[in-house]
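Single-structure report; data block below.
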2 protein chains.
Amino acid sequence: MLAKSSTELVRQQNSALVLSVLRREGRLSHTQISEATGLSSATISAITADLERSAIIEKSEQQAPTGRGRPRVLFSQRRDCGYLITVIISSDSIQYSLVDYAGTLLDRFTETRPEGSREAFVAAISAGLDRTVQRADIGRNQVLLVSLSSKGLVSPSEPVLVWSPMLGSEAVDFRVALGENWGDKVVLNNETLLVAKALQQRQARGAQPGASLAAISLGHSIGLGIARTLPEKDAEISAPNFGHMLHIPGGALCRCGARGCIEAYAGFYAVLRSAFEVRADTVPAKIVPLAEVDKIAALARQGQRMAVLAFRQAGVALGNGISRLLSLYDHMSIFITGPGIRYYDLLQAGVEEGLAQTHVVRLSGMPRLEVVVDEAALVFEGHVGLAFSLIDRDIIALRTPLQAAGE
Amino acid sequence: MLAKSSTELVRQQNSALVLSVLRREGRLSHTQISEATGLSSATISAITADLERSAIIEKSEQQAPTGRGRPRVLFSQRRDCGYLITVIISSDSIQYSLVDYAGTLLDRFTETRPEGSREAFVAAISAGLDRTVQRADIGRNQVLLVSLSSKGLVSPSEPVLVWSPMLGSEAVDFRVALGENWGDKVVLNNETLLVAKALQQRQARGAQPGASLAAISLGHSIGLGIARTLPEKDAEISAPNFGHMLHIPGGALCRCGARGCIEAYAGFYAVLRSAFEVRADTVPAKIVPLAEVDKIAALARQGQRMAVLAFRQAGVALGNGISRLLSLYDHMSIFITGPGIRYYDLLQAGVEEGLAQTHVVRLSGMPRLEVVVDEAALVFEGHVGLAFSLIDRDIIALRTPLQAAGE
DNA sequence: CGCTTTTTTCTCGACAGTCGAGAAAATAGA
DNA sequence: TCTATTTTCTCGACTGTCGAGAAAAAAGCG
């Protein structure tokens, strides 16, 4: 169903556009904004005056002048317009970062994740958020958004963790869990979705046409994020349940309780299980020390048969999974990340084997496969990118009625 | 990347909205349009006057008055504004339909599809299109769009048939194949995509929130169409390569040449092959007479073991495939259609078995599975719905410059 | 038959937004 | 100090939406 439009929406859209180029390029002058957006100079005047009056952007103190002529005045977001907190949840720790409205990191600290109950976990996050604002001495109401990320399955619309490696299907609704203090400004995304978002952002900055891409994170569990660039629209980002997609019907037992998931062949515990020839229906450990996997990798590199086979099997599971992904979406580039990339030399042959036989690959060729190292940086980049696009949209939509009364 | 907006775009969007409401509801009065769109009466006046001047809509002769008060004047699309030709390509025949701009079917005829070469096939379609306009005695330039559909894999952006059951990977680019006469106004969609579109339309008319859905067509090959309803946007429709998604690595030979495709287990020829215990690497026939499959179904209903097993195996392949679909997209309703539904009693247990074990189903429950009978009607409905949304958008975008000069 | 009531359509002025052109501002160099 | 140059700002024209009320057209009523 189409929606109606109006002149006010035009202004909203164009204001959002101005903020987004300011976000992407840093501080820009009047004319630069005009060029970057395609809007006329007069319109930029009106919009920047508007945003300045609302205390969203400000004129920077002028730079060293670039030549003759009237010097440029540069606009940038006001740092104190508000703050963003990102929370990166992993199996053993929780990292909090405070970011100002201009996008610069102000503070960061990491706490160990409490073991066991969901309640303790939620309480820890609530306390961590309080600590973040205390350390920076800002008010809670100055925090515009709290952006959480975790591995596992996340509801696409609500901040609900539907399934996670540590808590299983014990779902967490962060909106209710974080209560009045934080619940109303919390968003949650899958970790690998953020990686995909960050990669897509980097690609877009490169001014290429920017094709669709998928990020796959290898670790104790297997994550997937997809960024699809649709014509004329913003990229669409999603994180489907790749790790627990069916690989082999009735196959190896997964820690999710089902059988034959990709993770039950390609997760770290799966590699251990098959390298040691443990029966495939053994209940797997939640966490496997990385050192254990390293040992098997060392054996594999020396040619030990079962170790080689374990990694190869993992690779084939991934390759088949990617092939199914390509069948159900369009063709896209695949970026591989996560701690597991240190074993990629052992996985690669399997991945390619798992891809090669299938119809989609025979038809459109092997996808571009690329290993990307700095997963942590990408996750944070994705957090910031996604969060500020939400914040900017909100701030503009809310500004109008409030400000109109004030003027 | 966001796009800039302008007042002219506002008018375009609102004009498109008016046309789409008119398309959905039939003839409507001024006030009815205003209610349905949410636009003010004054705006409707301006837009309808505009569209009337451009000969896109017209005032109908007034109806029996509904009561006291000034009688309503009803607007509707002008039938003679232009025409749509839909072409439904199947393995043995090609059906042509001529539709006027108001959406009513004017003419329909079916020709047998020439066997063999791509050239003969393309020539037949070109001739069929010419025949369509000749029979109705209209000019070629009055045809606004030619909407083709076929089974197989279609490029999402271009009118290119990338892979089809009859021609294999011998691709057909209809834009160049139909040349100057038709090439510039041709679109091509997968047949089952159109079924999904039609189902989504029917759902939207029911005024429900309208969740995402997938249509699966069972026949010689297996088709899939997905209609995803995104918040605040138009539904997104796609037709991924479901039939040739990997089911069993290194499994049965598919007629596409790869191994282990879903179709190689669930297509008609696959059922025959396993019922007769032919080796799974036998090159399958392109077309299997439906009567042959009927015979096996009859045996299966009498309890003959291999026949039962053949259908069950097909069901499991479908169930596993659907499970993977649900893993890689959100949860959605599944509608099953196509000639194969007459065997659904034999498939159902396998489908449910193939779904039940997997993580996604354990987490969010069995999807809604529904059998839908009139595939042919749905395909045509989808053709018309999709084509007119394109036509209306085009007509509005093109109108402005031409008409502005005339006035 | 003329007047009133009712319903719908049409018109007018107010307001919001974008754009192009040109005025105004501010600096470097002559 | 004056001029060239570059950037920012301002003004009027244009397009669009909206609310209110005028105008139109039919039915009901005395």
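In the text below, chain A, chain B and the rest are named by the order of the sequence lines, each starting its count at 1.
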Quick one: pull up CD1 in I396(A) and CG in D394(A) and give me the separation to the nearest 0.5 Å.
->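 If I round to the nearest 0.5 Å, the distance is 10.0 Å.
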Are the charged groups of D184(A) and R175(A) less than 4.0 angstrom apart, N to O?
->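 So D184(A) does not pair with R175(A) through a salt bridge.
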NZ/NE/NH1/NH2 to OD/OE distance under 4.0 Å, E58(B) and R27(B) |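 Salt bridge absent between E58(B) and R27(B).
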Rounded to whole Å, how long is the line connecting atom [atom1] of [X] with atom [atom2] of [N]?
X       : N       : atom1 : atom2 : value
I44(A)  : dC19(C) : CD1   : P     : 9 Å
I396(B) : dG16(D) : CD1   : P     : 13 Å
L9(B)   : dC19(C) : CG    : P     : 10 Å
Q13(B)  : dT15(D) : CD    : C1'   : 16 Å
Q12(B)  : dG16(D) : CD    : C1'   : 13 Å
E8(B)   : dG17(C) : CD    : P     : 15 Å
I47(B)  : dT15(D) : CD1   : C1'   : 12 Å

Spell out protein contact along nucleotides 4-14 of chain D as letters: B when the base is contacted, S when just the sugar-phosphate is, - when no protein heavy atom is under 4.0 Å; keep the 5' to 3' order.
-> BBBBBBB----
Under the side chain to side chain contact (heavy atoms under 4.5 Å, CB included) rule, collect the residues that match up with L144(B), sequence neighbours excluded.
->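 In terms of side chain to side chain contact (heavy atoms under 4.5 Å, CB included), with neighbours along the sequence ignored, L144(B) is linked to Y101(B), I391(B), I395(B).
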Side chains of S41(B) and H30(B): donor-acceptor distance under 3.5 Å anywhere?
->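 Judged by distance alone, the side chains do pair up.
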Who are the salt bridge (charged side-chain N to carboxylate O under 4.0 Å, His left out) partners of R79(A), not counting sequence neighbours?
->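 With sequence neighbours excluded, R79(A) shows a salt bridge (charged side-chain N to carboxylate O under 4.0 Å, His left out) to D100(A), given in chain and number order.
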Bend angle of the helix from dC1(C)-dG30(D) to dA30(C)-dT1(D) from five-pair axes at both ends, rounded to 10°?
->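 Inter-axis angle at the termini of the helix from dC1(C)-dG30(D) to dA30(C)-dT1(D): 30°.
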Is the phosphate of dT17(D), meaning OP1 or OP2, less than 4.0 Å from a side-chain N or O of N14(B)?
->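 Yes, such a contact exists.
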Examine dG17(C): is either OP1 or OP2 under 4.0 Å from a nitrogen or oxygen in the side chain of K4(B)? Give yes or no.
->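 Checking dG17(C) against K4(B), no side-chain N or O comes under 4.0 Å of OP1 or OP2.
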Quick one: side chain to side chain donor-acceptor pair (under 3.5 Å) partners of T31(B), sequence neighbours excluded?
->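 Once residues adjacent in sequence are excluded, the partners of T31(B) under the side chain to side chain donor-acceptor pair (under 3.5 Å) criterion are S29(B).
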Side chain to side chain donor-acceptor pair (under 3.5 Å) against D80(B), all qualifying residues, sequence neighbours excluded =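 Residues passing side chain to side chain donor-acceptor pair (under 3.5 Å) with D80(B): R78(B).
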Test E381(A) against every option in R202(A), K197(A), R205(A) by the salt bridge (Lys or Arg N to Asp or Glu O under 4.0 Å) rule and name the one that passes.
->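 Among R202(A), K197(A), R205(A), the one meeting salt bridge (Lys or Arg N to Asp or Glu O under 4.0 Å) with E381(A) is R202(A).
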